[in-house]
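Index from 1, following the sequence. Here the structure is a predicted model, which is why all the values come from computation and not from measurement.
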Amino acid sequence: MNDCLICDRIKMIKDNTNPNFVAELETGYVVIGDHQFFRGYTLFLCKEHSTELHFLEKDFKEKFLYEMSIVGEAVYNAFTPQKLNYELLGNGDAHLHWHIFPRRKDEENVRGPVWWTDKNKMYSEKTKPSMEELNRLKEQLYNELKKLIKL
């Protein structure tokens, strides 16, 4: 697809150049978010370029939703939040992709949605993990995924 950030990220996974890639599932790709203001922030990118869940074929859609729940469970087990926020928005990048945010009680905006967080804080350079931290996050998540499904 032209001008699709998610398709570009998937191409990087296929080219083995996406440093945030964690695992390939049947319907999508698991990646650690570029910014880690919410430690453990993970995305699940749909393998099909579709903009709405109801556009997916029924069996694929059901598997995609099931796998998203498995990714969420792995995120929960790997990063031990008090709560997870799941979001499938698409206003910015229409290609189906889930945002899975671990939430903790010590956050400044604990009662509000993730998107109420100051963007300058959420996307600051300080929230980008070092390569060492990124590898640690990926390993934690991958190990939890392996406990839940066959990889």
field: Verdict with supporting geometry, Phe64 and Phe44, ring-ring contact (aromatic ring centres under 6.0 Å, His included)
entry: CA-CA 9 Å; Phe64 180 58; Phe44 185 49; 5.3 Å; yes
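Here the NZ atom belonging to Lys47 is positioned 7.5 Å from the CD atom belonging to Glu26, to the nearest 0.5 angstrom. Between atom OG of residue Ser50 and atom CD of residue Glu57 there is a gap of 11.5 Å, rounded to the nearest 0.5 Å. Separation of atoms CG (Asn20) and CG (Asn135) is listed at 9.5 Å; rounding is to 0.5 Å.
Annotation: side chain of His35 is not in contact with side chain of Met122 (no heavy-atom distance under 4.5 Å).
Between Lys128 and Glu125 a salt bridge is recorded (basic side-chain N to carboxylate O distance below 4.0 Å). We find that Lys147 and Glu73 are not joined by a salt bridge, their nearest charged nitrogen and carboxylate oxygen being 4.0 Å or further apart. Under 4.0 Å is where a charged nitrogen must lie from a carboxylate oxygen, and between Arg9 and Asp34 at least one such pair does. Glu107 and Arg104 are not joined by a salt bridge, as no carboxylate oxygen comes within less than 4.0 angstrom of a charged side-chain nitrogen.
Listed here is the closest heavy atom pair of Glu67 and Gly28: OE1-N, 4.0 Å. The minimum heavy-atom distance between Cys46 and His95, with the atom names listed, is O-NE2, 2.7 Å. Considering all non-hydrogen atoms of both residues, Val71 and Leu145 come closest at CA-CD2, 4.2 Å. Taking every heavy atom of both residues into account, Phe38 and Pro102 meet most closely at CB-O, 3.7 Å.
The aromatic rings of His99 and Trp115 sit perpendicular, their planes meeting at an angle over 60°, well past the 30° parallel limit.
The number of heavy atoms from other shown groups lying within 6.0 Å of CD (Glu62) is above 12.
Annotation: cation-pi geometry not satisfied between Lys138 and Phe21 (NZ/CZ under 6.0 angstrom from ring centroid, within 45° of ring axis).
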